Amino acid sequence: MTPLHRAVTAGASRVFEFLLDQKVDPSAREAQGRNVLDLAKDQSDASARRALLQLLEHPGQADGRGDAEQAMGSELRRRPKKDPAADLKVKFAHNAAATFWFVSVSLASFQYLTDIRDASWSAAPYVVRGPAAGPARQRVGAASAARVSLGPVRPSGGGEAEETAPPEGHTPGMGGANGSGSAARAVGEADAAAGQAAEPAPLVLSGSGARPGEHESATARKYRPLQKHPALFDTESGWQEDWFDADFLAAMRADTDEAWSSAVEEHLPGALFSCRMFSKKFCDMLIEEVDNFAATGLPARRPNSMNNYGIILNEIGWKPMVNVLQDNILARIAARYWPHIAPFDGHHTFIVRYKENEDRGLDMHTDDSDVTFNLCLGREFSGAGLSFCGVMGQPDHRRHSFTYKHNIGRCCWHLGRQRHGADDITAGERLNLIVWNHTPRTARPRNTSLLPTRRRRGLPTRCA
Ligand SMILES: O=C(O)CCC(=O)C(=O)O
Ligand SMILES: [Fe+2]
């Protein structure tokens with residue numbers, strides 16, 4: 001009787017396995033002519049018997065012609081050990097196609113849902129509800145509880161109806177000085193006829209300005225005790241009425257097509273608008289604040305790769321204040337002129353500065369924004385007009401369409417995709433407040449570097 005036979009008789013499957021690993025011949029027979037398989041079969045402990053039998057293989061068994069338990073009296077060998085890595089490979093090979101299909105379908109569904117989110121916002125303003133429901137009212141006010149209206153609801157004949165959104169870039173033409181406000185006026189008249197005149201929303205100019213996930217930067221914290229005009233940072237007191245142009249505030253309050261028409265100029269149909277928005281007092285205060293910040297020597301990042309002398313106001317602690325402005329004023333204007341654009345959820349707010357021997361102008365570019373508001377603060381300057389071409393991606397995007405002349409206190413607004421650039425300043429210094437308004441498109445890469453500067457590459461920097 002070999003040690004192998006003894007291990008089987010004792011039911012010691014681990015010892016049995018060890019001996020097999022040491023190449024002890026499992027086919028050897030003891031005095032009565034029995035091999036280890038015969039002994040294993042006689043093992044009374046069922047689990048030991050199973051373990052022993054699993055270690056043995058009859059040569060015919062591998063090709064499916066036999067079974068260890070039936071291999072009485074014939075040659076035995078150790079069953080080859082399983083290779084877990086090989087097992088995994090086989091499993092992977094079997095499941096690869098299904099896994100690939102599942103991942104592809106999941107990604108495609110995610111992409112589809114992300115895409116239709118924009119489309120659904122495009123459609124939303126055109127879904128007409130009863131006078132009080134007003135889904136459009138819910139579009140504004142990402143953070144603070146702004147109670148604002150988005151202008152007239154479109155006619156429905158009294159019940160619920162849907163309309164197709166106009167092509168992108170088209171505006172209902174509300175408030176244009178060139179007469180294209182007729183669509184909006186028609187809407188207003190239809191509303192009146194249907195007894196659904198939209199009530200002007202109360203004007204809210206204060207609030208907490210806090211938004212989830214936004215924190216005061218280290219620079220803002222250091223700058224707080226050094227502020228020149230703390231009122232500019234005080235969201236609870238909010239935006240003071242005398243910081244605004246009186247006609248602009250009247251238009252905001254009345255919120256009628258007539259009021260907007262008389263306040264707003266439409267320079268490029270559906271693409272570029274402007275109005276006197278802020279008072280000289282406010283512009284001067286903001287310039288003083290920017291000068292004051294510069295004098296502290298605190299670090300300031302530049303607004304983007306094309307601007308070497310501006311500063312990012314969000315970083316000096318002005319973000320909450322602009323949140324209030326965005327929720328209650330800017331979103332309301334954007335929704336009036338581009339109702340297909342989703343509600344804003346963020347902004348990049350900064351100052352640009354042009355001066356001889358510094359940045360004199362700005363190359364043609366598109367903004368990393370959905371809608372840009374651009375307010376001229378001062379100081380004295382000549383030249384430095386804002387030239388516009390077409391919308392990025394359209395055949396005319398390089399063709400000059402209009403040059404807007406900045407005036408202190410006047411704000412213009414355009415889509416970020418509208419190509420534009422600042423002409424060189426010829427004298428003095430120009431400072432502008434820029435608010436790049438963002439909608440929640442997490443999948444959209446932010447174009448923070450703008451376009452490579454043609455100026456630096458010696459190429460023409462203006463539209464054709
Ligand atoms: O200087 C201007 O008026 C335009 C500035 C601008 O387009 C920008 O900073 O994105
Ligand atoms: Fe720009």
Side-chain angles (χ1 to χ4, degrees), residues 265 267-268 271-278 283 286-287 290 300-315 318 322 326 330 334 338 344 346-356 358-393 397-398 400-438 446-456 461-463:
E265 195 167 339
H267 305 280
L268 288 171
L272 173 66
F273 304 86
S274 80
C275 78
R276 277 189 288 121
M277 196 180 282
F278 287 89
C283 296
L286 193 53
I287 288 183
V290 169
R301 280 195 306 141
R302 301 302 166 204
N304 54 57
S305 59
M306 295 168 72
N307 257 288
N308 299 306
Y309 297 93
I311 59 165
I312 302 174
L313 293 176
N314 284 353
E315 291 188 355
W318 214 43
V322 182
Q326 183 180 56
L330 306 186
W338 296 294
F344 299 145
H347 56 86
H348 179 55
T349 299
F350 55 95
I351 297 282
V352 289
R353 185 173 101 187
Y354 310 101
K355 200 177 176 182
E356 227 170 335
E358 292 188 358
D359 287 338
R360 295 186 59 209
L362 195 60
D363 288 1
M364 274 292 154
H365 64 279
T366 53
D367 290 340
D368 177 25
S369 74
D370 294 279
V371 175
T372 296
F373 283 81
N374 179 342
L375 167 72
C376 181
L377 299 171
R379 309 178 204 240
E380 299 279 313
F381 64 91
S382 52
L386 185 57
S387 286
F388 285 86
C389 302
V391 170
M392 196 63 182
H397 79 274
R398 283 205 176 276
H400 175 263
S401 52
F402 182 73
T403 296
Y404 170 83
K405 197 173 166 319
H406 278 297
N407 277 302
I408 295 170
R410 195 167 187 98
C411 184
C412 68
W413 56 95
H414 56 86
L415 296 176
R417 287 176 293 125
Q418 189 86 31
R419 293 186 77 240
H420 58 282
D423 300 340
D424 282 350
I425 199 160
T426 50
E429 182 180 1
R430 167 153 86 75
L431 283 99
N432 278 47
L433 168 67
I434 313 283
V435 185
W436 284 357
N437 295 274
H438 297 144
R446 293 277 180 230
N447 169 25
T448 46
S449 65
L450 299 180
L451 300 172
T453 64
R454 294 171 68 81
R455 188 188 300 271
R456 256 184 249 142
T461 57
R462 304 283 162 257
C463 305

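Indexing begins at 1, ligand by ligand and atom by atom, following the structure's order. Source: prediction; values computed, not measured.
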Checklist entry - For ligand 1, which atoms have a heavy atom of V352 less than 4.0 angstrom away? => result 1 (O), 9 (O)
Checklist entry - Considering only heavy atoms from C-beta outward, does the side chain of H420 approach that of H365 to under 4.5 Å? => result yes
Checklist entry - Hey, is CZ on R302 packed in by over 12 heavy atoms from elsewhere, all under 6.0 Å? => result yes
Next on the checklist: With a 6.0 Å cut-off on the ring centroids, do H438 and H347 count as close?
Outcome noted: no
Next on the checklist: Classify the ring geometry of W436 against F350: parallel below 30°, tilted from 30° to 60°, perpendicular beyond 60°.
Outcome noted: perpendicular
Next on the checklist: Do L377 and I351 have side chains that approach each other closer than 4.5 Å (heavy atoms only, starting at C-beta)?
Outcome noted: yes
Item to check | Non-hydrogen atom of Y404 closer than 4.0 Å to ligand 1 | outcome: no
Checklist outcome for this item: d(F273 CZ, F373 CZ) to nearest 0.5 Å is 10.5 Å
Item to check | Atoms in ligand 1 flagged as close to D367, the criterion being non-hydrogen separation under 4.0 Å | outcome: 10 (O)
Checklist entry - Against heavy atoms of Y354, which atoms of ligand 1 measure under 4.0 Å? => result 1 (O), 2 (C), 4 (C), 5 (C)
Checklist entry - Taking the N/O/S atoms of D367 one by one, which is nearest to the Fe ion (ligand 2)? => result OD1
Checklist entry - If you count the atoms of ligand 1 from 1 in the order shown, which ones are under 4.0 Å from a heavy atom of W436? => result 10 (O)
Item to check | Which atom of H420 approaches the Fe ion (ligand 2) most closely (N/O/S) | outcome: NE2
Checklist entry - Can you list the ligand 1 atoms lying under 4.0 Å from a non-hydrogen atom of F350? => result 9 (O)
Checklist entry - Among R430, H414, H420, which residue places a heavy atom closest to atom 7 (O) of ligand 1? => result H420
Checklist entry - Which is closest to atom 4 (C) of ligand 1 by heavy-atom distance: N374, D368, I351? => result N374
Item to check | Enumerated ligand 1 atoms positioned under 4.0 Å from heavy atoms of L386 | outcome: 2 (C), 3 (O), 4 (C)
Checklist outcome for this item: NZ of K405 to CZ of R410, rounded to nearest 0.5 Å, is 11.5 Å
Next on the checklist: Distance under 4.0 Å to a non-hydrogen atom of L362: what atoms of ligand 1 satisfy this?
Outcome noted: 5 (C), 6 (C), 7 (O), 8 (C), 9 (O)
Checklist entry - Quick one: which ligand 1 atoms are inside 4.0 Å of a heavy atom on I434? => result 5 (C)
Checklist entry - Between S274 and H267, does any side-chain donor sit less than 3.5 Å from a side-chain acceptor? => result yes
Checklist entry - What part of T372, side chain from CB on, backbone N/CA/C/O, both or neither, has a heavy atom under 4.0 Å from ligand 1? => result neither
Next on the checklist: Could you check whether any side-chain heavy atom of Y309 comes within less than 4.5 Å of a side-chain heavy atom of K355, counting everything from C-beta outward?
Outcome noted: no
